[in-house]
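Chain identifiers are assigned alphabetically (A, B, ...) following the order of the sequence lines, protein sequences preceding nucleic acid strands; residue numbering begins at 1 within each chain.
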Protein chains: 2
Amino acid sequence: MPNDEQMTIREMCDAFDVTPRTLRFYEAKELLSPVRIGSQRLYTRRERARLTIILRGKRFGFSLEDIRQVLNLYARDGSNLAQMERTWDLAQDRLRAMEQQRDELTLAIGDLKAELETGAGLIAAARNQNAAPPGK
Amino acid sequence: MPNDEQMTIREMCDAFDVTPRTLRFYEAKELLSPVRIGSQRLYTRRERARLTIILRGKRFGFSLEDIRQVLNLYARDGSNLAQMERTWDLAQDRLRAMEQQRDELTLAIGDLKAELETGAGLIAAARNQNAAPPGK
DNA sequence: AATTGAGCTTACGTAAACGTCAGGATGACG
DNA sequence: CGTCATCCTGACGTTTACGTAAGCTCAATT
């Protein structure tokens, strides 16, 4: 692993299916901090890992600010104990929220499945009712 | 209790913890359609059910437009077969998305739990300022 | 009669998460 | 050497999901 550690912004965009604007925006929001060679950004393995977490968080409906908190948990530099404990508490709250969300999601999936079931029945019934409707 | 079928906008707001603006906004986006007595809105059991679905959808990170699609599934009036089938397909896609989201969420919860574990360890280590360096 | 309170419409404001465009620097290439 | 591609930094535009404020109606209360 010599130099493919570093990826350009375009390589990142292709790899993660995002735009340069998005990566720069995340940097402005302090979610990413790529190395600079001159003015050019280079993304390391660390940034890739963080971006993975960011995109995953987004799929869960978390705001970028929420995600920034979670990222702080991963970025343990042991700098400040009080800060770490605060972050830990925050993460526990977030964990509980996620577990509740998962449970609700499980219920909603059940509801939707049942609804689809009767929906299928209604469609079948509708098919029988008008044998040859004017198709398009 | 003959007339508690109908709820005013304020009663709805208190019951669901939303603002009047939110309910009017949902109406403008055709997610709700309360009865009008004069110019006043009255919400029936149906609207309450729809609002429940809306708020639940929001907690899953779905956009109002997404939710509107799902609501169409529940509002089966049997008017148009093609429309129903399209909606049904859409709902199936959405269901698969939800199941995948649930699975990802389950994984992420596991990750976060593990991370909290080591986080707790690090905090403890930081408290005993003589801890050995982590030889991971 | 005058005030108060709830509700209505219209319309401008706002925060989040980017999109898009202008203008400029830099290295690669024919 | 000029052109092209790629990157950069502003900076303004856009969409979503409401917040907020102004001004009007109407019924109940003081």
Side-chain angles (χ1 to χ4, degrees), chain A residues 3-44 47-48 50-72 94 97 101, chain B residues 3-44 47-48 50-72 94 97 101:
Chain A
N3 212 357
D4 75 344
E5 276 290 309
Q6 323 276 56
M7 285 172 61
T8 74
I9 198 171
R10 178 109 306 274
E11 290 168 343
M12 286 291 282
C13 292
D14 294 346
F16 288 91
D17 192 34
V18 295
T19 70
R21 177 67 174 105
T22 298
L23 294 182
R24 297 192 190 110
F25 181 76
Y26 289 167
E27 184 176 349
K29 289 302 182 74
E30 297 179 58
L31 297 172
L32 296 178
S33 43
V35 175
R36 294 299 186 108
I37 303 297
S39 68
Q40 196 180 359
R41 293 167 174 83
L42 286 181
Y43 297 83
T44 69
E47 303 311 309
R48 291 193 288 274
R50 291 173 71 90
L51 182 54
T52 299
I53 294 175
I54 294 169
L55 296 180
R56 195 174 61 188
K58 286 208 60 188
R59 284 200 303 281
F60 299 152
F62 295 146
S63 73
L64 291 185
E65 180 52 32
D66 285 349
I67 294 170
R68 209 178 59 79
Q69 307 289 338
V70 174
L71 282 175
N72 283 339
R94 181 130 312 281
Q101 185 174 338
Chain B
N3 215 356
D4 76 343
E5 274 291 308
Q6 321 276 56
M7 285 172 62
T8 75
I9 198 170
R10 178 108 308 276
E11 290 168 342
M12 286 292 282
C13 292
D14 293 346
F16 288 91
D17 193 33
V18 295
T19 70
R21 178 66 174 107
T22 298
L23 294 182
R24 297 192 191 108
F25 181 76
Y26 290 167
E27 184 177 347
K29 289 302 182 76
E30 297 178 58
L31 297 172
L32 296 177
S33 43
V35 175
R36 293 298 187 110
I37 303 297
S39 69
Q40 197 179 359
R41 293 168 174 82
L42 286 182
Y43 296 84
T44 69
E47 303 311 309
R48 292 194 287 275
R50 292 174 70 91
L51 183 54
T52 300
I53 294 175
I54 294 169
L55 297 179
R56 195 174 62 189
K58 288 207 60 187
R59 284 200 302 281
F60 300 153
F62 294 146
S63 73
L64 291 186
E65 179 51 32
D66 285 349
I67 295 170
R68 208 178 60 79
Q69 307 288 337
V70 174
L71 282 175
N72 283 340
R94 181 132 313 282
Q101 184 174 338

Query - Segment of DNA chain D, first to last nucleotide, that comes within the 4.0 Å heavy-atom reach of chain B - result: dA17(D) to dT20(D)
Report task. Could you check if a side-chain atom of L51(A) sits within less than 4.5 angstrom of a side-chain atom of M12(A), using non-hydrogen atoms only? Result -> yes
Between the protein and nucleotides 5-8 of chain C, which nitrogen or oxygen pairs come in under 3.5 angstrom?
| unit_1 | atom_1 | unit_2 | atom_2 | d |
| --- | --- | --- | --- | --- |
| dG7(C) | OP1 | T8(B) | OG1 | 3.4 |
| dC8(C) | OP1 | R41(B) | N | 2.7 |
| dC8(C) | OP1 | R41(B) | NH1 | 3.1 |
| dC8(C) | OP2 | R24(B) | NE | 3.3 |
| dC8(C) | OP2 | R24(B) | NH2 | 3.0 |
| dC8(C) | O5' | R41(B) | NH1 | 3.1 |

Requested in this report: Would you give the length of the straight line joining atom CZ of R21(B) to atom SG of C13(B), rounded to the nearest 0.5 angstrom?
Outcome: 12.0 Å
Query raised in the report: Would you say a side-chain N or O of T19(A) is under 4.0 Å from OP1 or OP2 of dC18(C)?
Result: no
Query raised in the report: Would you say R48(B)'s side chain and F16(B)'s backbone share a donor-acceptor pair under 3.5 angstrom?
Result: no
Query raised in the report: Within the structure shown, what part of the strands sits under 4.0 Å from K29(B) by heavy-atom distance: base, sugar-phosphate, or nothing?
Result: nothing
Query - Atom pair CZ/OG1 of R50(B) and T52(B) - distance to nearest 0.5 Å - result: 11.5 Å
Query raised in the report: What is the distance from OH of Y26(A) to C1' of dA16(C), rounded to the nearest Å?
Result: 11 Å
Requested in this report: Please test Y43(A) against L32(A) for side chain to side chain contact (heavy atoms under 4.5 Å, CB included), starting from the C-alpha separation and ending with a verdict.
Outcome: CA-CA 9 Å; Y43(A) 297 83; L32(A) 296 178; 4.3 Å; yes
Query raised in the report: Under 4.0 Å: is that the gap between some side-chain N or O of K58(A) and OP1 or OP2 of dC18(C)?
Result: yes
Query raised in the report: Can you check whether T8(A)'s main-chain N or O pairs, donor with acceptor, with E11(A)'s side chain at less than 3.5 Å?
Result: yes
Requested in this report: Measure the distance from CZ on R21(B) to C1' on dT9(C) and round it to the nearest whole Å.
Outcome: 11 Å
Query raised in the report: Between E27(B) and R24(B), is there a salt bridge with N-O shorter than 4.0 Å?
Result: no
**Report entry** L42(A) CG to R36(A) CZ distance, which is reported to the nearest 0.5 Å
**Finding:** 9.5 Å
